[in-house]
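Right, one structure below, let's go through it.
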Amino acid sequence: MLKDITIGQYFPGNSFLHRLDPRFKIVMTLMYIVMLFMGNEIYSLIFGMVYCATAFFLSKLPIKLFGKNIKPLLPILLMTAILDIIFIREGTVYFQLGIFKLTEDGVFTAVRMIVRIIFLIIGSSLLTYTTSPIQLTDAIERLLSPLKKLHFPVHSFAMMMTIALRFIPTLMDETDKIIAAQKARGAGFDSPKLKDKAKALVPVLIPLFVSSFRRAEELATAMECRCYRGDVGRTKMKIMKAGMNDIISFIFTLIMLCAAITVVVLF
Amino acid sequence: MVILRTEELTYQYSIGTPFEKTAVDHVNLEIEEGTFVGVIGSTGSGKSTLMQHFNGLLKPTSGHIYIKDKDIWSDKNNLRDLRFQVGLVFQYPEYQLFEETVYRDIAFGPLNMGLTENEVRERVYEAAAFVKLTEEQLEKSPFSLSGGQKRRAAIAGVMAMCPSVLILDEPTAGLDPMGREEILAEIKNYHKKTGCTVMLVSHSMEDVSRYADKLLVMNKGKMFCYDDTKEVFKRAEELQKMGLAVPEVTRICIELKNRGIPLDDSIYTVDEAVKQILEFYKSKNGGEVLC
């Protein structure tokens, strides 16, 4: 059941998007989000949508993946849409029933919110789908490196993130295994009663905590054995270097963002 | 009586993603009640995945599983009862211990079955006796036991449910040779005393061959064969090609045979090898053995 979670997962590949410098990818994703949230008219969304479609096309990933991502969020999307429709009472009234008013503004806001959230998810998943966690944290470390001057522990921060990300799949696997083992002993996960379900968590959480502590200790020992001492004097095996493709993509993103800003300001 | 039967059982992982993989591929199997089955195959051959189908933890992508002639997926509400009938001990089962005392951990399964306090106690003591845990150990915290004892406690937790089929997934992984011997002997003893069906998954042929009546060999998700232990070892060379190490004594006998000593095709115990080699020398020296 935990295998169904695909947000934040990495899908190995060798597409144009996979090969881009992760630093550029992070910055471009941020620019894309700005693009998406500019302006209040429906047409201001077009730039973000076109940009996202281009990136998706370049990633060569199956479209099914994104459907899986959006599905669990459907209830939230519906809630926002319904709230927008009920509480926004300005604009042309299409239809009225008692105090309930269906207005033009309400419908537009609802549609805009849904489109924005969906594209936000697709865009940011594209980043994690095409960038391995290691690359991602490495890029974040590089992007945040100016903060070192302010004595912010950028390296430790990145290392912590790398370790946390690295252990998500491991712990998920482990949880799956423990759940299966306790199910095999008749634990009540399948019971419809909430009380039974809550009780069934204890036999999962305790072994999971025990093994997390064990893993943490093992990892710390292993790091110490290899003389890990933070980033002082540490060199990189893979040095990130911006190539032609990165610069072209960045310029394209910049142009799209400028175009979006111009359109919003002028109209 | 056939206790467990599969029909074209197939299971695929992560369908529709780049990680798609067929782990179990059209397996047809029939297991008689009371058999001690050894399940072997190299890493990734699908043996563990196959085992998890037998108590309904995994749902087959296609195909059917019958326990006592009943399709286990015909009624979802019966799955929990099924898990008490088919007990599954996972790899490294010591990592699932969670209770305050060993006693309470072993009692977890029987309590879930809804047995009375007295029945539970009886079951716990019986299971503890099978794996040779003392009463004193039963009152300790499971986290204070040694590795081998933890493993035993976890196995006892499944034995205490008195399943008709007991499946053990690599119960000896990571133990020293003595610990391995002990656990395997305890399992064999349990099989003998209770008469239930036991399936022992392992990639060590040596372990399995000494205890199992029949062997199920898995290769790349497909069932390679399911036959009497002796028959399986006749195909020792094929097994070696699949990356399975046949027992050393079998390898020696094959080599001796290739050099002209007429031995049986399927020797997998040292005793049998000694007997046959002695017989050969007896006939050669006119009935006299020198040593």
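No experiment lies behind these values; they were computed from the predicted model shown. A note on names: the letters A, B, ... follow the listed sequences, proteins ahead of strands, and every chain is numbered from 1.
- When heavy atoms are compared at a cutoff of 4.5 Å, B:F90 approaches chain A solely by way of its side chain, counted from C-beta outward.
- Near-neighbour residues of residues 208-220 of chain A relative to chain B, defined by a heavy atom under 4.5 Å from a heavy atom of that chain, comprise A:V210, A:R214.
- Around CD of B:E100, the count of heavy atoms belonging to other residues, nucleotides or ligands within 6.0 Å does not exceed 12.
- Atom-to-atom distance recorded for A:Q182:CD and B:N112:CG is 9.0 Å, nearest 0.5 angstrom.
- For NZ of B:K220, the number of neighbouring non-hydrogen atoms (other residues, nucleotides, ligands) closer than 6.0 Å is 12 at most.
- The shortest distance between side-chain heavy atoms of A:K177 and B:Y92 does not fall below 4.5 Å.
- With a 4.5 Å cut-off on side-chain heavy atoms, B:Y95 and A:P207 do not count as touching.
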Applying side chain to side chain contact (heavy atoms under 4.5 Å, CB included), run through A:R185 and B:L111 and close with a yes or a no.
CA-CA 10 Å; A:R185 297 208 282 164; B:L111 279 175; over 6 Å; no
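- Interatomic distance, CD1 of A:I179 versus CD of B:Q96, reported as 13.0 Å (0.5 Å rounding).
- Residue contact with chain A, scored on non-hydrogen atoms closer than 4.5 Å, involves the backbone of B:L97 exclusively.
- Annotation: residues 141-160 of chain B contacts chain A through B:F143, B:G157, B:V158 [non-hydrogen atoms, separation under 4.5 Å].
- Put simply, the side chain of B:R83 never gets that close to the backbone of A:G186: no donor and acceptor are under 3.5 Å apart.
- The environment of CD1 in A:I63 is sparse: at most 12 heavy-atom neighbours from other residues, nucleotides or ligands sit within 6.0 Å.
- Neither the backbone nor the side chain of B:D81 comes within contact range of chain A; no heavy atoms are under 4.5 Å apart.
- Contact count against chain B (heavy-atom pairs under 4.5 Å) is highest for A:P203 among A:A181, A:A184, A:P203.
- At most 12 non-hydrogen atoms from other residues, nucleotides or ligands lie less than 6.0 angstrom from CZ of A:F57.
- Annotation for A:F157: atom CZ does not count as buried by contact number, only 12 or fewer foreign heavy atoms lying within 6.0 Å.
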